[in-house]
Amino acid sequence: MYPKRFSSSPAHRCLVSIGECMVELAPGADPDNFRLGFAGDTFNTAWYLRQLQPGWAVRYMTAVGRDAVSDAMLAKMQGAGIDTRHVLRDPERTVGLYLIALQNGERSFSYWRSQSAARRLAQDPDVLAQAMKGAALVYVSGITMAILDDFGRETLLGELVRTRAAGSLIAFDPNLRSQLWEDAQTMCRVVTQTAAVSDIVLPSFEDEAEHFGDANPEATLARYLQGNTRTVIVKNGPGAVLFRHEDTTGTFLPHPVRTVVDTTSAGDSFNAGVLAGLLSGEPADQAVQQGSRVAAQVVGQRGALVPLDCAIS
Ligand code: ADP
């Protein structure tokens, strides 16, 4: 049962998210002026977790440069109450960047991240072990694995296994982004390996159908429900969420959102709501409902990071 791992008092609960945060340039009211922000899937989830559970320690582990924009990124994280003590500073590199372009009302994304500092976040097992030490939960995504080289992937996987054996829960969102991987076969292999060392897997059906050929959410759930993975929650946009947690299987249809403004970070914020719920010892259906409520607020506003209505938690 999960609560046995959460027997420490909530005040000592520490959540660690590992991955890449980037500079975001988003169009402002004047098309020639871009607004600078910071976002990235695992960071977004950390940011929402911190909003939902301000009493818990939320730590972000990544690598950034030593330049001014890296300082600004860390200041943004710290300003949100996120612990950045284990963020590495790479003197030779800086943070990745993406730009959102608007054309006829449609958003498109351009990325400059192939040489980002975060690609070298997992070169030293001791650094990873220190970052994860004492965590109730460690969260990684398929994007975390995608940006690493083979050595980094092996190193991170090894430390996830060790940390899990020491009592931490591992949560994983496959977040399949084929353009970040060297080839589709490697993506599917590494994602499957990472899921196999995770307690909680949080896939999105549309991506899984495209890359693994799943016929329906049940097929996605069955594929990830292997080994010691006891919780699989399959998101499906506005469609029903299918979940299995311990011995409970169920579905939940998210309430329709009247005006969907921007689905950026829908899955990341959903994950935060679910993880906050499960770690609080809530039953799976309530945790999934909380994830959907958080995501509904996020898709109703522009941007990856939106302030939540505090009543949600
Ligand atoms: P991802 O962003 O990882 O692809 P999804 O698109 O499946 O994830 O969305 C995650 C969650 O966000 C859904 O389970 C749902 O709760 C909410 N959501 C996403 N799109 C919509 C929508 N159009 N209407 C209502 N809720 C949505």
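For clarity, every value in this text was computed on a predicted model and none was experimentally measured. Atoms within a ligand are numbered from 1 in the order they appear, just like the ligands themselves.
The nearest heavy-atom contact from the protein to atom 23 (N) of ligand 1 is V260 CG2, 3.6 Å. Looking only at protein heavy atoms, the nearest one to atom 12 (O) of ligand 1 is A295 CB, 3.2 Å. Closest to atom 24 (N) of ligand 1, if we only count protein heavy atoms, is P238 CB, 3.7 Å. For atom 26 (N) of ligand 1, the closest non-hydrogen atom on the protein side is V257 CG2, 4.0 Å.
In the model, E20 has a side-chain atom that pairs as donor or acceptor with a side-chain atom of S116 under 3.5 Å. Side-chain atoms of Y60 and T42 form a donor-acceptor pair, as typed in the model, at a separation below 3.5 Å.
Taking a cut-off of under 4.0 Å to the non-hydrogen atoms of F270, the atoms of ligand 1 that pass are 11 (C), 14 (O), 16 (O). Under a 4.0 Å criterion applied to the non-hydrogen atoms of V241, ligand 1 contributes the atoms 14 (O). Residue-ligand proximity, P254 to ligand 1, at heavy-atom distances under 4.0 Å covers atoms 15 (C), 16 (O).
By the 6.0 Å and 45° rule, R223 stacks over the aromatic ring of F212.
Side-chain contact between V234 and V241 is absent, with no heavy atoms from C-beta onward closer than 4.5 Å. Side-chain contact between N236 and L242 is absent, with no heavy atoms from C-beta onward closer than 4.5 Å.
Distance CG/D41 to OG/S17: 7.5 Å, rounded to 0.5 Å.
Using bins of under 30°, 30° to 60° and over 60° for the plane-to-plane angle, the ring pair F252/H255 lands in the perpendicular bin.
Between G267 and ligand 1, at least one pair of N/O atoms sits closer than 3.5 Å.
Applying the side-chain hydrogen bond (donor to acceptor under 3.5 Å, both in side chains) test between D90 and each of R120, R66, R119 identifies R120 as the sole match.
Heavy atoms of S292 found under 4.0 angstrom from ligand 1 belong to the backbone as well as the side chain. At a heavy-atom distance under 4.0 Å, only backbone atoms of N236 (N, CA, C or O) approach ligand 1.
With atom 20 (N) of ligand 1 as the reference point, the heavy atom nearest to it among S141, S204, G237 is part of G237.
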